[in-house]
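Order of listing sets the numbers, starting from 1, for every ligand and every atom in it. Quantities reported herein were computed from a predicted structural model and do not represent experimental measurements.
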Amino acid sequence: MHLGSLLAAVGSFLDARSRGGRWLVRVEDLDRARVVSGSAAEILRTLEAFSLLWDGEVEYQSRRTPLYAEALESLRAAGRTFECSCSRRELSAADSGYPGTCREGPRRPGPTAIRFRIDETETVVFDDRFQGPTAAAMGKLGDVVVRRRDGIFAYQLAVVVDDALQGVTDVVRGADLLESTGWQIALQRALSLRTPRYAHLPLLLERAGGKLAKSRRSMALDAGRAGAQLLNALRLLGLSPPTQLAGAPPATLLEWARGAWRGLPLPLPREIVPRRGLEATPAD
Ligand SMILES: [Zn+2]
C-alpha cells in the first residue's frame, strides 16, 4: 500500500462509519498468477496498523468463481456476450474502447475472451456523491471483457456480482475507477441487479522527475509512522485536523475525522497533487 491507496481506504472507512454503515474488505485475487504470496495478509496488517478495522469477514474473490460463472451464463443466455479473438496488439491500434471487431463472431479459431455487448446508443448517467453528475457514453467505452482469454473472470464482472451479493449500498473508491462505473452500471442493468451509490475520491498524483505520475510505487506506507501518514491523508482529502492532533495515534485521528467527515467540502477534485510538506517522503 502507498499514500494513494491509504486515501481510498481512509475515505471509504470514514464515509461508512460517519453514516453508521459497515466497512467491508474484499481481496481481489482472481489473477492467481499475479497474486504475490502473502500480500493480502500484509495489506490487512497495514490496515490494522492504521486502525482501519473492517466489519465482518474478509471476502476473497478467488473463492467466489462459481458466482461469476453464473452471472456470465445469465449474460450469455440474454445474448449480451460474444467471443473475441483480438490480440492485445490488434486492439492497441484502436483509439478508444473496443472497435467491435468480433461482434459477429471471432475472427480466428483458438482461445477467446468473452466480452459484454454494450448498447452503443446508451449514455449511463449517475450522480456521484463526491464528483457530482457524471455521464458515460457507452459507445465510447466499448464492449468490455468479462472473462479473459485465459479463463479468468474480469474485474468488471466480479465487482458487480460481489457488490450486489454483499448488499453494498455505497461504493467509495479512487477516481481512477470513475470510468469503469459506466460499465458496471450497464452490467448491473443487464443482470437485473441494484445499482449502489457511487462516490469517487480524488486520485493522488505525485511529482516524479518534474512530471506528475499516478501514485503507485512511491509514498510507501510505514506502520511506524502511521499517525503522521494518516494526518497527511486527512489533509489531502480536504479535512483540517487541529494542530493538537499532531502526534496522536491513528485511532484518535480517525475518531476526530469521523465527526468532521460530514463537513467535507463537495464536490471533491478528481485529482490532487500534494504540496511540498504533505508528501510522505521517508526522509522527513
Ligand atoms: Zn475481438
Side-chain angles (χ1 to χ4, degrees), residues 26-36 60-126 128 134-165 171 173-193 195-196 198 200 203 214 216:
R26 184 197 296 151
V27 176
E28 297 180 343
D29 57 350
L30 285 174
D31 192 344
R32 303 302 288 167
R34 284 185 55 201
V35 168
V36 178
Y60 290 83
Q61 287 189 327
S62 55
R63 299 174 189 167
R64 298 166 64 82
T65 51
L67 301 169
Y68 312 138
E70 207 174 300
L72 183 63
E73 175 51 28
S74 153
L75 291 175
R76 193 201 60 77
R80 295 300 300 271
T81 61
F82 63 89
E83 292 184 46
C84 168
S85 59
C86 297
S87 67
R88 200 175 289 250
R89 194 189 316 160
E90 284 167 321
L91 293 175
S92 65
D95 290 343
S96 71
Y98 175 70
T101 319
C102 306
R103 280 191 142 209
E104 309 308 323
R107 290 306 169 95
R108 71 175 84 85
T112 53
I114 299 178
R115 288 182 183 271
F116 172 57
R117 190 186 295 273
I118 51 103
D119 172 357
E120 60 270 68
T121 64
E122 187 183 17
T123 297
V124 169
V125 179
F126 60 99
D128 192 276
T134 305
M138 296 312 296
K140 205 170 156 216
L141 283 177
D143 305 308
V144 73
V145 170
V146 283
R147 207 202 68 189
R148 295 172 7 180
R149 183 198 297 257
D150 57 11
I152 292 176
F153 292 103
Y155 164 78
Q156 306 293 353
L157 179 67
V159 287
V160 161
V161 171
D162 289 339
D163 287 346
L165 295 185
V171 174
R173 59 188 181 188
D176 49 338
L177 289 164
L178 192 60
E179 202 179 37
S180 290
T181 310
W183 280 316
Q184 291 172 19
I185 293 176
L187 279 166
Q188 285 151 7
R189 291 176 182 167
L191 290 164
S192 304
L193 299 174
T195 292
Y198 286 96
H200 285 86
L203 187 63
K214 284 181 186 179
R216 282 280 176 243

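Under a 4.0 Å N-O distance rule, the pair Arg103/Glu120 qualifies as a salt bridge. A salt bridge links Arg108 with Glu90: at least one charged nitrogen is closer than 4.0 Å to a carboxylate oxygen.
Between the side chains of Tyr155 and Asp31, no donor N or O sits under 3.5 Å from an acceptor N or O.
Legend: protein N/O/S atoms lying under 2.8 Å from the Zn ion (ligand 1), waters omitted, number 4.
Counting non-hydrogen atoms of other residues, nucleotides and ligands closer than 6.0 Å to CZ of Arg89 gives a total of 12 or fewer.
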Does Arg26 form a salt bridge (charged side-chain N to carboxylate O under 4.0 Å, His left out) with Asp163? I'd like the steps, not just the answer.
CA-CA 10 Å; Arg26 184 197 296 151; Asp163 287 346; 2.6 Å; yes
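Summarising the geometry, atom CD1 belonging to Ile185 is positioned 5.0 Å from atom CZ belonging to Phe126; distances are rounded to the nearest 0.5 Å.
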